[in-house]
Participant: 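Encoded as structure tokens, here's the structure I'll be asking about.
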There are 2 protein chains.
Amino acid sequence: MRRSFEDMKILLRQQNIKLSHHRLKVLEYLAKHHIHPTVEQIYDDLHKEIPTLSKTTVYNSLHALANAGLVRIITIEDNETRYDLEVEPHGHFKCERCGIIFNFTIDIDKISTNELNHFEIREKSVYFKGICPTCLQQVKDNDYWRIGI
Amino acid sequence: MRRSFEDMKILLRQQNIKLSHHRLKVLEYLAKHHIHPTVEQIYDDLHKEIPTLSKTTVYNSLHALANAGLVRIITIEDNETRYDLEVEPHGHFKCERCGIIFNFTIDIDKISTNELNHFEIREKSVYFKGICPTCLQQVKDNDYWRIGI
DNA sequence: TTACTTATTTGTAATAATTACAATATCATA
DNA sequence: TATGATATTGTAATTATTACAAATAAGTAA
């Protein structure tokens with residue numbers, strides 16, 4: 001259920017979240033760039049367009065959007081929190097070499113377990129790490145096998 | 001395959017990782033306390049016993065042990081990295097109210113997907129968030145339903 | 001045991017991400 | 001357009017983590 005930008009606006013109104021200019025810009029950025037950006041990336045890019053934008057506002061906006069259920073916070077590793085539009089459940093694969101995060105579809109309900117019967121589950125995340133095909137190929141070409149990174 | 005402390009020592013020797021006193025203490029701590037501690041917790045507790053221990057050493061030890069494959073770094077949320085002994089694959093459930101992290105067993109191979117056929121997968125993590133039974137009960141008792149936290 | 005080599009540990013200082021907060025600006029609605 | 005509520009800014013504080021050089025300890029071989 002990929003939402004249109006207009007649908008998202010309606011959702012925000014329903015939840016009584018004000019559609020401020022900057023907030024919409026952050027949302028729009030995520031809708032346009034499916035790159036799981038960091039706050040830094042979002043700030044740097046939007047700052048060019050909106051010189052008065054502050055990093056604090058980016059944080060505030062992302063948190064507001066996350067609370068509204070429109071944005072998902074991805075923390076695969078510490079020191080780099082990333083943000084993604086909330087769409088249908090999917091897993092994230094992070095390449096340890098180039099750092100790119102790939103989506104992959106999973107049937108997340110298969111993972112449920114009866115050990116958690118009495119728990120209220122609100123969010124399920126699946127994170128894989130490894131090496132992506134492009135990097136695997138480069139490593140092969142360079143003929144070195146220390147894939148320490 | 002829960003490893004005994006002795007097994008772990010052998011593993012370390014095999015990988016040419018020196019069994020220094022502090023390093024072993026950190027490992028022992030994790031083996032004794034299955035609470036997914038933060039660096040802070042490990043440091044605070046061990047510091048009582050070993051007054052000369054520095055926090056840097058805790059970081060160093062944990063990273064060395066993680067590279068050796070004995071310790072798993074858990075980053076469910078930013079701002080709190082936690083550490084766990086590497087045992088058979090399992091998922092982590094974090095209660096959003098009390099912060100406790102619970103283990104649960106999963107058949108992690110069920111999650112694999114043909115979309116990642118050309119990826120080299122090195123690590124699979126499954127993180128759930130929600131409310132644990134104890135907290136659910138307390139919320140009920142207190143008769144308030146704003147489970148914002 | 002002793003000396004030697006190498007790796008670990010320490011402590012301090014730097015870095016970087018995130019948050020707190022008060023002042024200011026903007027929005028939504030009547 | 002006036003009003004009250006909320007968003008945004010900017011600075012400063014906080015916190016987790018890392019860098020690095022000096023001191024220390026471990027492992028090894030004579």
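Per chain, numbering begins at 1; letters A, B, ... match sequence-line order.
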Participant: DNA chain D: A/N60 or B/N60, which has the more 5' nearest nucleotide?
Facilitator: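 Taking each residue's closest nucleotide, the earlier one in sequence belongs to A/N60.
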Participant: Figure out the NZ/P separation between B/K25 and D/dA25, and round it to whole Å.
Facilitator: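 Going from NZ in B/K25 over to P in D/dA25 covers 16 Å.
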Participant: Indicate whether OP1 or OP2 belonging to C/dT18 is found under 4.0 Å from a side-chain N or O atom of A/T81.
Facilitator: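 It does, given that an N or O in the side chain of A/T81 lies less than 4.0 Å from OP1 or OP2 of C/dT18.
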Participant: Answer yes or no: does a side-chain N or O of A/T56 lie under 4.0 Å from OP1 or OP2 of D/dT11?
Facilitator: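 No, no such contact exists.
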Participant: Quick one: A/L62 CG to D/dT8 C1', roughly how many Å, whole number?
Facilitator: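 In whole Å, D/dT8 C1' and A/L62 CG are 14 Å from each other.
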Participant: Could you state the atom-to-atom distance from CZ of A/R82 to P of C/dT18 in whole Å?
Facilitator: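 Rounded to the whole Å, the gap is 12 Å.
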Participant: Using atom CG of A/L46 as one end and atom P of D/dT8 as the other, report the distance to the nearest whole Å.
Facilitator: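 It works out to 12 Å between those atoms.
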Participant: Of the options B/F93, B/F128, B/Y127, which is the one that meets B/F104 in a ring pair (Phe, Tyr, Trp, His ring centres under 6.0 Å)?
Facilitator: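 Single ring pair (Phe, Tyr, Trp, His ring centres under 6.0 Å) partner of B/F104 among B/F93, B/F128, B/Y127: B/F128.
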Participant: Just the rounded figure in Å: distance from P of C/dT8 to CG of B/L53.
Facilitator: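 After rounding, the gap between these two atoms is 15 Å.
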Participant: Roughly, in whole Å, what's the span from CD in A/E77 to P in D/dT18?
Facilitator: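 That distance rounds to 11 Å.
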Participant: I need the minimum non-hydrogen distance between B/E96 and B/K129, along with the two atoms involved.
Facilitator: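 B/E96 and B/K129 have their closest heavy atoms at OE2-CB, 3.7 Å.
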Participant: Rounded off to whole Å, could you give me the CG-to-C1' distance for the B/L24 and C/dT8 pair?
Facilitator: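 Distance check: B/L24 CG to C/dT8 C1' gives 12 Å.
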Participant: Nearest-nucleotide wise, let me know which of B/R23 and B/P51 is further upstream toward the 5' end of DNA chain C.
Facilitator: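 Between the two, 5'-proximity favours B/R23.
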Participant: Evaluate salt bridge (charged side-chain N to carboxylate O under 4.0 Å, His left out) for A/E80 paired with A/K94, printing each intermediate quantity in order.
Facilitator: CA-CA 12 Å; A/E80 57 161 29; A/K94 175 172 177 191; 2.5 Å; yes
Participant: Respond yes when some side-chain nitrogen or oxygen of B/H22 is under 4.0 Å from OP1 or OP2 of D/dA26, and no when none is.
Facilitator: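 No, no such contact exists.
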Participant: Considering all heavy atoms of both residues, which atom of A/N103 and which atom of B/E115 are nearest to each other, and what is their separation?
Facilitator: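 In this case the closest contact between A/N103 and B/E115 is O-OE1, 4.1 Å.
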Participant: CD of A/E49 to CD of A/E28: how many Å apart, nearest 0.5 Å?
Facilitator: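 These two atoms lie 7.0 Å from each other.
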Participant: Where the side chain of A/S20 is concerned, which of C/dT8, D/dT18, D/dA7 is the nearest nucleotide?
Facilitator: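 For the A/S20 side chain, the nearest candidate turns out to be D/dA7.
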Participant: Measure from the side-chain heavy atoms of A/S54 and tell me the nearest of C/dA28, C/dG11, D/dG10.
Facilitator: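 Comparing C/dA28, C/dG11, D/dG10 against the side chain of A/S54, the answer is D/dG10.
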Participant: Round to the nearest Å and state the distance from A/I50 atom CD1 to D/dT8 atom P.
Facilitator: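 Rounding to the nearest Å, CD1 of A/I50 and P of D/dT8 are 10 Å apart.
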Participant: Return the nearest nucleotide to the side chain of B/E40; candidates are D/dA16, D/dT8, D/dG27.
Facilitator: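 For the B/E40 side chain, the nearest candidate turns out to be D/dA16.
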Participant: Mapping B/V58 and B/K18 onto DNA chain C by nearest heavy atom, which one lands closer to the 5' end?
Facilitator: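 Nearest-nucleotide comparison on DNA chain C picks B/K18.
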